[in-house]
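Take a look at the structure set out below.
Residue numbers count from 1 along this sequence. Read the numbers this way: they start at 1 and go in the same order the structure lists the ligands and their atoms.
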Amino acid sequence: MPKNNTILEVTNLNAAYGQSKVIFDINLNVKLNERVAIVGRNGAGKTTMLKCIAGLLKASSGSVIYDGMEIMGKAPFEVAKMGLKYIDQDKEVFLDLTVRENLQLSSYATGDYNWDRVFEHFPKLKILLDRKGAYLSGGERQMLMIGRAILGDPKVLLIDEPTEGLAPSIVNDLVTTFHDLSKDSAIIIVGQNLSFVSRVAQRIYAVKEGRMIAEIRDKEEIKEATYSRYL
Ligand SMILES: Nc1ncnc2c1ncn2[C@@H]1O[C@H](COP(=O)(O)OP(=O)(O)OP(=O)(O)O)[C@@H](O)[C@H]1O
Ligand SMILES: [Mg+2]
């Protein structure tokens with residue numbers, strides 16, 4: 001078990017696209033079963049940060065300790081297999097494949113064929129098993145993305161803009177879902193929907209122009225969304 005229950009510890013992370021540096025000396029951590037949010041304006045570097053952590057982008061320097069191990073430099077599939085999953089902002093599921101086939105692919109990848117937990121969180125997916133990805137609504141796609149990601153019992157979920165383009169009722173359901181999911185995994189969400197962030201996160205990092213400018217722990221400040229002043 002990692003010390004202080006810290007399951008993910010990112011230190012001095014830097015990243016660039018070609019010559020242009022976009023994130024600067026980022027430090028962040030998450031504890032087992034904790035729900036953390038990263039907020040910041042468009043282009044602040046939130047997606048870049050998560051992708052570097054998940055091994056999908058190569059950082060220029062820094063350290064990412066996951067479950068006591070340095071994972072910087074590991075291939076994304078290795079990182080995912082170890083139980084750290086990134087869920088894309090673009091809600092990409094396989095459009096030509098059914099929900100069942102989408103789940104099967106993740107089962108092959110993880111060796112986890114037990115879909116009970118997926119259906120516990122998202123009963124609707126059971127009804128949609130034979131529907132093709134292309135015909136799912138935005139909310140249903142998000143359920144499928146998260147459903148696929150929780151196969152293999154991940155310890156950390158990095159979820160990029162989970163509410164983007166979703167109806168308010170679906171957003172409300174996701175609040176409950178994320179509370180439930182955190183019983184099994186630590187969660188980092190990136191979000192611009194502050195009312196959602198306030199209802200989900202126990203701690204918030206504010207990012208501006210690639211730099212971490214604040215860490216908000218105060219319950220009132222989170223509840224009242226006064227951290228919006230950092231945006
Ligand atoms: N593939 C890329 N090549 C060059 N620059 C990029 C690339 N992807 C992102 N950037 C730039 O890096 C910066 C950070 O982008 P990033 O996507 O990480 O921001 P973000 O905080 O996730 O934004 P959003 O809220 O719009 O999703 C931006 O200035 C963006 O234009
Ligand atoms: Mg982004």
Q: Give me the protein N, O or S atoms that fall under 2.8 Å of the Mg ion (ligand 2), sorted by chain and residue number.
A: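 Protein N/O/S atoms under 2.8 Å of the Mg ion (ligand 2): T47 OG1, Q89 OE1.
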
Hey, what do you get for [atom1] ([X]) to [atom2] ([Y]), rounding to the nearest 0.5 Å?
| X | Y | atom1 | atom2 | value |
| --- | --- | --- | --- | --- |
| E140 | R131 | CD | CZ | 6.0 Å |
| F122 | L174 | CZ | CG | 7.0 Å |
| I87 | L50 | CD1 | CG | 10.5 Å |

Heavy atom of the protein closest to [atom] (residue, atom name, distance):
| atom | result |
| --- | --- |
| atom 17 (O) of ligand 1 | T47 CB, 3.8 Å |
| atom 23 (O) of ligand 1 | G43 N, 2.8 Å |
| atom 25 (O) of ligand 1 | K46 NZ, 2.7 Å |

Q: Report yes or no: does a heavy atom of R41 sit under 4.0 Å from some atom of ligand 1?
A: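 Right, R41 reaches ligand 1.
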
Q. Would you say M49 contacts ligand 1, with heavy atoms under 4.0 Å as the rule?
A.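 Under 4.0 Å: no for M49.
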
Q) Can you find an N or O of A44 that's nearer than 3.5 Å to an N or O of ligand 1? A)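 Right, the criterion is met.
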
Q) Would you call L57 and Y17 a side-chain contact if the rule is heavy atoms closer than 4.5 Å? A)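 Contact flag for L57/Y17 side chains = yes.
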
(Q) Is atom 30 (C) of ligand 1 near the protein, in the sense that some protein heavy atom lies at less than 4.0 Å from it? (A)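 It does not; no protein heavy atom is within 4.0 Å.
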
Q. How would you list all residue pairs meeting salt bridge (charged side-chain N to carboxylate O under 4.0 Å, His left out) that involve residues 28-42, not counting sequence neighbours?
A.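 Matches after skipping sequence neighbours: E34-R203.
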
